[in-house]
Amino acid sequence: MHQIPGGDNITKGIRFNKGINAKEVRLIGHDGKQLGIMSSKEALQKADEAGLDLVEVAPSANPPVCRIMNFGKYKYEQAKKQHSARHHQKTIQLKEIKMRPHIDEHDLEFKISNIKKFLEAGNRTKITMMFRGREMAYPEIGRSTLERIASEVTDMGIVEHPPRLEGRNMILILVPK
């Protein structure tokens, strides 16, 4: 019988061997066969006879379900599942594109193609229109440019925050569909 402390993240909350405090448990053998409902002392004795551990696999069931297995191996499998789940998660980033209100047509097309690439990759995109000096007197030029961008990428993304002025910058945020 193994004595593995349950202090790490993977085994936290998993009771095994003498840590199981239920009076009766539903026991599953090491081969996967149901052995029925019995007292936890009996179940622990059967696990001892098999040279394995008694692990509580479904503590919320009534009575709790316990299985005779190698706890070290179970802990390793759980760690592997947790690592695999973390590995397959996709992180969504916020990409930012900055421009000025009097941007040239070709430069604007280039920025729009980059925005489309970001949205296709599944990233949120923040478009910042920077105003300098007297450009602040004509915010409608920047707003119309941002609205044009939003209309050109409607097939790939939706507007999370419409164009709004924050200080000397106007910001538009797009999220992928």
Side-chain angles (χ1 to χ4, degrees), residues 2 4-16 19-20 28 32 53 55-62 64-67 69-177:
H2 301 96
I4 301 170
D8 57 9
N9 287 341
I10 296 148
T11 58
K12 208 171 250 181
I14 298 174
R15 292 190 286 255
F16 66 102
I20 299 170
I28 299 172
D53 299 302
V55 181
E56 194 174 49
V57 291
S60 59
N62 190 15
V65 179
C66 293
R67 186 178 189 136
M69 65 172 78
N70 181 340
F71 186 68
K73 190 174 179 182
Y74 178 70
K75 185 176 160 184
Y76 172 74
E77 292 294 329
Q78 294 293 29
K80 209 169 160 183
K81 278 183 192 174
Q82 201 174 45
H83 182 271
S84 174
R86 199 175 316 127
H87 184 68
H88 292 297
Q89 281 181 341
K90 180 163 176 28
T91 56
I92 296 173
Q93 294 181 323
L94 177 67
K95 300 287 189 173
E96 184 174 16
I97 300 248
K98 292 183 177 183
M99 61 182 76
R100 302 272 307 281
H102 296 291
I103 187 169
D104 188 55
E105 184 63 29
H106 177 265
D107 294 339
L108 184 60
E109 291 298 321
F110 186 76
K111 300 252 185 203
I112 289 172
S113 71
N114 278 340
I115 291 167
K116 287 180 179 179
K117 285 179 193 171
F118 293 154
L119 291 172
E120 279 178 15
N123 295 314
R124 294 173 71 217
T125 308
K126 176 181 177 181
I127 300 112
T128 305
M129 182 69 64
M130 301 178 297
F131 295 98
R132 289 193 191 144
R134 293 184 183 146
E135 291 173 343
M136 279 302 293
Y138 305 101
E140 62 274 356
I141 296 170
R143 184 177 304 279
S144 67
T145 305
L146 289 176
E147 286 171 353
R148 176 181 165 198
I149 291 169
S151 68
E152 287 196 31
V153 297
T154 52
D155 56 329
M156 289 178 205
I158 52 176
V159 176
E160 185 179 56
H161 294 289
R164 65 176 187 269
L165 198 61
E166 291 182 2
R168 291 193 156 271
N169 297 325
M170 190 174 285
I171 295 169
L172 165 72
I173 297 178
L174 301 169
V175 291
K177 278 191 176 178

Tell me which donor-acceptor pairs under 3.5 Å the side chains of residues 168-177 have, and how far apart each pair is, sequence neighbours excluded?
| unit_1 | atom_1 | unit_2 | atom_2 | d |
| --- | --- | --- | --- | --- |
| Lys177 | NZ | Thr154 | O | 2.9 |

Exercise for the section: Compare all side-chain heavy atoms of Ile20 with those of Cys66 and state whether any distance is below 4.5 angstrom. Expected result: yes

Problem - Test item: Asp53 and Tyr74 side chains (from C-beta on) under 4.5 Å apart, heavy atoms - result: no

Exercise for the section: Applying side chain to side chain donor-acceptor pair (under 3.5 Å), name anything that partners Glu160, two or more places apart in sequence or on another chain. Expected result: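 Glu160: side chain to side chain donor-acceptor pair (under 3.5 Å) contacts with Arg124.
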
Donor-acceptor contacts under 3.5 Å from residues 111-119 side chains, at least two apart:
| unit_1 | atom_1 | unit_2 | atom_2 | d |
| --- | --- | --- | --- | --- |
| Lys111 | NZ | Lys98 | O | 2.9 |
| Ser113 | OG | Phe110 | O | 2.7 |

If you take all heavy atoms of [X] and [Y], which pair is closest and at what distance?
X: Leu165; Y: Met136; result: CD2-CE, 4.2 Å
X: Ile149; Y: Leu108; result: CD1-CD1, 3.9 Å
X: Thr145; Y: Pro101; result: OG1-O, 4.1 Å
X: Gln93; Y: Asn123; result: N-OD1, 3.3 Å

Problem - Inter-residue atom distance His106.NE2 - Glu109.CD, 0.5 Å rounding - result: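 Reported to 0.5 Å precision, the distance equals 8.5 Å.
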
Handout entry: Inter-residue atom distance Arg143.CZ - Arg164.CZ, 0.5 Å rounding
Key =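 Between Arg143 CZ and Arg164 CZ, I get 11.0 Å after rounding to 0.5 Å.
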
Can you name the residues that form a side-chain contact (heavy atoms from CB on, under 4.5 Å) with [X], not counting sequence neighbours?
X: Arg100; result: Met130, Arg132, Glu135
X: Glu140; result: Tyr138
X: Glu120; result: Met156

Problem - NE2 (His161) with more than 12 external heavy atoms under 6.0 Å - result: yes

Completion exercise
Test side-chain contact (heavy atoms from CB on, under 4.5 Å), reference Met99, set Ile127, Thr128, Asp107, output is Ile127

Practice task
Before accepting this row, confirm whether a basic side-chain N of the pair Glu77/Lys81 lies closer than 4.0 Å to the acidic partner's carboxylate O.
Solution key: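 Judged by the 4.0 Å cut-off on N to carboxylate O distance, Glu77 and Lys81 do not form a salt bridge.
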
